[in-house]
There are 2 protein chains.
Amino acid sequence: MREKRDQSSEPEVEGNLKPGGATLADVSKLAGVSSMTVSRALHKPEVVSKKTLEKVNWAVEQLGYIPNMMAGSLMSKRSRLVAVFVPTVAHSIFADMVQALMHSLARKGYHTIIGVTEYSDKQEQELVEAILGRRPDGIVLIGTQHSDLTRKRLQVSNVPVVEAWDMCDEPLDMLVGFSHEEVGRAIARHLLSKGFRRFAAISVADPRGIRRIGAMLDELAKHEIVDVPHLYLPIPATLSTGRDGLRQLLECNGRPEVVVCSSDTIAQGVLAEAASRGLKVPNDLAVMGFGDLSSASQVYPSLSSVRLDGQLVGETIAKVLLDRIAQKSSATRGLRVDTGFNIIDRESTRRS
Amino acid sequence: MREKRDQSSEPEVEGNLKPGGATLADVSKLAGVSSMTVSRALHKPEVVSKKTLEKVNWAVEQLGYIPNMMAGSLMSKRSRLVAVFVPTVAHSIFADMVQALMHSLARKGYHTIIGVTEYSDKQEQELVEAILGRRPDGIVLIGTQHSDLTRKRLQVSNVPVVEAWDMCDEPLDMLVGFSHEEVGRAIARHLLSKGFRRFAAISVADPRGIRRIGAMLDELAKHEIVDVPHLYLPIPATLSTGRDGLRQLLECNGRPEVVVCSSDTIAQGVLAEAASRGLKVPNDLAVMGFGDLSSASQVYPSLSSVRLDGQLVGETIAKVLLDRIAQKSSATRGLRVDTGFNIIDRESTRRS
DNA sequence: CTGTTAGCGCATTCAC
DNA sequence: GTGAATGCGCTAACAG
């Protein structure tokens, strides 16, 4: 397809492009008003006369003007930028959460920078330090465990912070999460009530996953169920974590009635391995996952999942953060939101 | 835990914090040098004397100084920001790709803003327009189909662009992808060569997925295999897409020998449904996915996946983009990289 | 090796 | 309703 000049519109404007695009000054000259008026026409159209507004809009269109947010933010001290740090996004429930969060933020005109910490406090710290250079209007962190320097930097920077996905008594700032210990205990009680007695567990070496499985094992022990075979496999959690895990369990410990996984990704691997062995789920082998928190309920219909009741977690985080940014007060400092969780009873643990 | 003042270090500095943090001028005063020297000490330490460097570093530490990138970028015209637009990130191979891309970019000091287009050209356009306000150093788009305004904006803005995940003759700028038609044909030939004759297919209404499945059906037709049952289900692709799809296929069309899915997520749903029906994979039912492109090969060991040979796709995109940004020439304009793909023969299609 | 001058592009603050 | 002056925090380009 050959380039063809459009002769009817924008006769020589396209050729006169400055590197970096047109500026407010360019627009103001073309429109025959001051640059201040252009700025107002763009951000507060209601305060400008209709005629000027038209002239400005015309000039903006002619020049293809796009405001330079860096310059604007430098003056206004609002970057409309939120930074989110997650341990991982691939094969992870965090992808759902981040997507919901980005969606909510985008609707309010905020852009999202993502940092992947790979479950490392040190990487988190480096990413936080780097991102503070962009003066984000808000920061979201997964978990409540952070390096001392991270904590100090964040406190000093005075940026609104939401810690998510966990619960603690003294959050850095705001907190939206739930107790992983309670999740573990709830899983145990749920499965016990359904008559399961021979358990097994597969987790990756993710601190919160380990805590969930640990709490479950403790609860089981209270019901005289001990020596539950359990595996802690290396992160990241992938399908093969579940496949290898089930294979290993079957070889070394015989077949359990139900295998509890620290994440839905692992559970999917278990299901895949079950399919390859012709094990019928849930009668030959029941499977319990974890996740589904920020997704619609139809996302993991094969698994019994723990999920948030009502609003998506990502949406809740966005709301809390934006409320705080908007009122510019510290009214919500120390705010703690326990999202709670549900146990959804799905096919994979529904015995006939 | 009570806050306790550390009396030995940073005596009164912490109290004197300006809102927004210390500035270059603050550091230069404390260090007793000019602000320019501080700037150099931070970005080009080798060009500053050792003594000055020490003074500057000391002052930086005292003040907890973090450079304001907005101001820096405004002058230098380099934002060290890359924007990536993907149709979705939840339950998607794009999450892998984006993670690999972010990883490579982060190593070179670039931050990544993600925009989710939800397979909508209109949303892509709005996101691109908005992000151009941040003057990103590079933009990555999925696919080669974009609205006219998007194309024009990008061309005029002169930002390096990589279109990924598809192939075409005249890319906007640079291109890193593969042919979805070739993938579809290769899948057909591969499965035929393994002796499969009774096919079925499940896809979501994603343009590229449909093209893959369409090309596969065409190739099968050339081998006298026609009337292949196939479903096009609504996006987004989730586990239940696969579960519902298989259920529907079995009810209406009987059991195929192999079901081809337009993504690994769907294939995982099919495996889950197979497990719930006690169908043994691959003998009762073989499953073919698509994905695994930017992940290590062990990620989807249950599926026969199409994957990139060698380097991760996200890494390749980062490399192409950073090369272009670095040399600041247009030498690589029009660059087209065909990543190709592999068919990995895995358990789920390996018949005994 | 270091300092000075200038200005990036915009919004705040005040005049009118 | 509109405009002029000022400066956000930093770096490019020079001079010394």
Side-chain angles (χ1 to χ4, degrees), chain A residues 17-56 59-60 63-81 109 132-137 157 328, chain B residues 17-56 59-60 63-81 109 132-137 157 328:
Chain A
L17 286 167
K18 297 183 171 186
T23 71
L24 252 196
D26 298 331
V27 177
S28 71
K29 260 174 244 165
L30 221 188
V33 296
S34 79
S35 62
M36 207 41 242
T37 304
V38 177
S39 178
R40 279 198 275 261
L42 259 31
H43 298 295
K44 290 188 165 189
E46 70 279 8
V47 87
V48 167
S49 81
K50 194 154 168 274
K51 247 183 107 174
T52 354
L53 199 58
E54 278 171 10
K55 283 193 294 186
V56 169
V60 164
L63 296 170
Y65 172 67
I66 295 182
N68 185 327
M69 285 187 80
M70 291 188 286
S73 298
L74 189 58
M75 235 3 263
S76 68
K77 296 185 177 318
R78 296 174 66 252
S79 60
R80 291 184 104 55
L81 205 58
L132 283 174
R134 296 200 188 266
R135 303 295 187 263
D137 289 342
S157 73
K328 272 294 168 204
Chain B
L17 285 167
K18 296 185 172 185
T23 70
L24 208 49
D26 298 330
V27 178
S28 70
K29 261 172 243 163
L30 221 188
V33 295
S34 79
S35 61
M36 205 48 236
T37 303
V38 176
S39 177
R40 280 195 277 257
L42 259 30
H43 299 293
K44 290 187 166 190
E46 71 277 7
V47 86
V48 167
S49 80
K50 195 155 168 275
K51 248 183 108 173
T52 337
L53 200 58
E54 277 170 12
K55 283 193 294 186
V56 169
V60 164
L63 296 169
Y65 171 68
I66 295 183
N68 185 328
M69 283 188 81
M70 290 190 286
S73 298
L74 190 58
M75 216 33 245
S76 67
K77 296 182 178 319
R78 296 172 67 251
S79 61
R80 291 184 107 48
L81 204 59
L132 283 175
R134 295 199 190 267
R135 304 295 187 262
D137 289 342
S157 72
K328 271 296 171 202

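Atom set for the values below is all heavy atoms of this structure, side chains included, hydrogens, waters and symmetry mates excluded. Below, read A as the first sequence line, B as the second, and so on, with proteins coming before strands; counting in each chain starts at 1.
In terms of phosphate contacts, B/Tyr65 brings no side-chain nitrogen or oxygen within less than 4.0 Å of OP1 or OP2 of D/dG9. Between A/Lys44 and D/dG1 there is no side-chain N or O to OP1 or OP2 distance below 4.0 Å.
For B/His43 and D/dG9, the NE2 to C1' distance is 11 Å, given to the nearest whole Å. The distance between atom NZ of A/Lys51 and atom C1' of D/dT2, rounded to the nearest whole Å, is 15 Å. One interatomic measurement links the two molecules: CZ of A/Arg78 to P of C/dC10, which rounds to 17 Å at whole-angstrom precision. The CD1 atom of A/Ile66 sits 14 Å away from the P atom of C/dG9 (whole-angstrom rounding). Atom NZ in B/Lys29 sits about 16 Å away from atom C1' in C/dG3, given to the nearest Å. Look at CZ on A/Arg80: it is 16 Å from P on C/dC10, rounded to the nearest Å. Look at CZ on A/Arg135: it is 9 Å from P on D/dG9, rounded to the nearest Å.
With rounding to the nearest 0.5 angstrom, the CE atom of A/Met75 is 12.0 Å from the CG atom of B/Leu74. The line from NZ of A/Lys29 to CG of A/Leu24 is 11.5 Å long, rounded to the nearest 0.5 Å. With rounding to the nearest 0.5 Å, the separation of CG in B/Leu132 from CD1 in A/Ile66 is 4.5 Å. Atoms CG and CE, from A/Asn68 and B/Met70 in turn, are 11.0 Å apart once rounded to the nearest 0.5 Å.
Side chains of A/Met69 and A/Leu81 form no contact here, defined as non-hydrogen atoms less than 4.5 Å apart. Annotation: side chain of A/Ser73 is not in contact with side chain of A/Arg135 (no heavy-atom distance under 4.5 Å). The shortest distance between side-chain heavy atoms of A/Leu42 and A/Val38 falls below 4.5 Å.
The residue B/Leu24 sits close to a base: some heavy atom pair falls under 4.0 Å.
Rounded to 10 degrees, the angle separating the terminal axes of the helix from C/dC1-D/dG16 to C/dC16-D/dG1 is 30°, with each axis obtained from five end pairs.
Only A/Leu74, A/Met75, listed by number, bring a heavy atom of residues 67-76 of chain A to less than 4.0 angstrom from any atom of DNA chain D. The stretch residues 34-42 of chain B touches DNA chain C through B/Ser34, B/Met36, B/Thr37, B/Arg40, each having a heavy atom under 4.0 angstrom from the strand.
Residue B/Lys77 places its side chain closer to C/dC8 than to any other of D/dT2, C/dC1, C/dC8. Considering only side-chain atoms of A/Thr52, the nucleotide from C/dT2, D/dT2, D/dG9 that sits closest is D/dT2. Closest contact between the side chain of B/Val48 and the listed nucleotides C/dC10, C/dT2, D/dT2 involves C/dT2.
The nearest pair of heavy atoms linking A/Tyr65 to A/Thr23 is CE1-C, 3.5 Å. Heavy atoms only, all atoms of each residue included: A/Arg134 and A/Ser79 are closest at O-CB, 3.9 Å.
Residues passing the side-chain hydrogen bond (donor to acceptor under 3.5 Å, both in side chains) test with B/Thr37, sequence neighbours excluded: B/Ser34. Take A/Lys44 and apply the salt bridge (charged side-chain N to carboxylate O under 4.0 Å, His left out) test, not counting sequence neighbours, and it matches no residue.
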Contacts under 3.5 angstrom, residues 46-56 of chain B side chains, donor-acceptor by atom type, not counting sequence neighbours:
from    : atom 1 : to      : atom 2 : distance (Å)
B/Ser49 : OG     : B/Thr52 : N      : 3.3
B/Ser49 : OG     : B/Thr52 : OG1    : 2.3

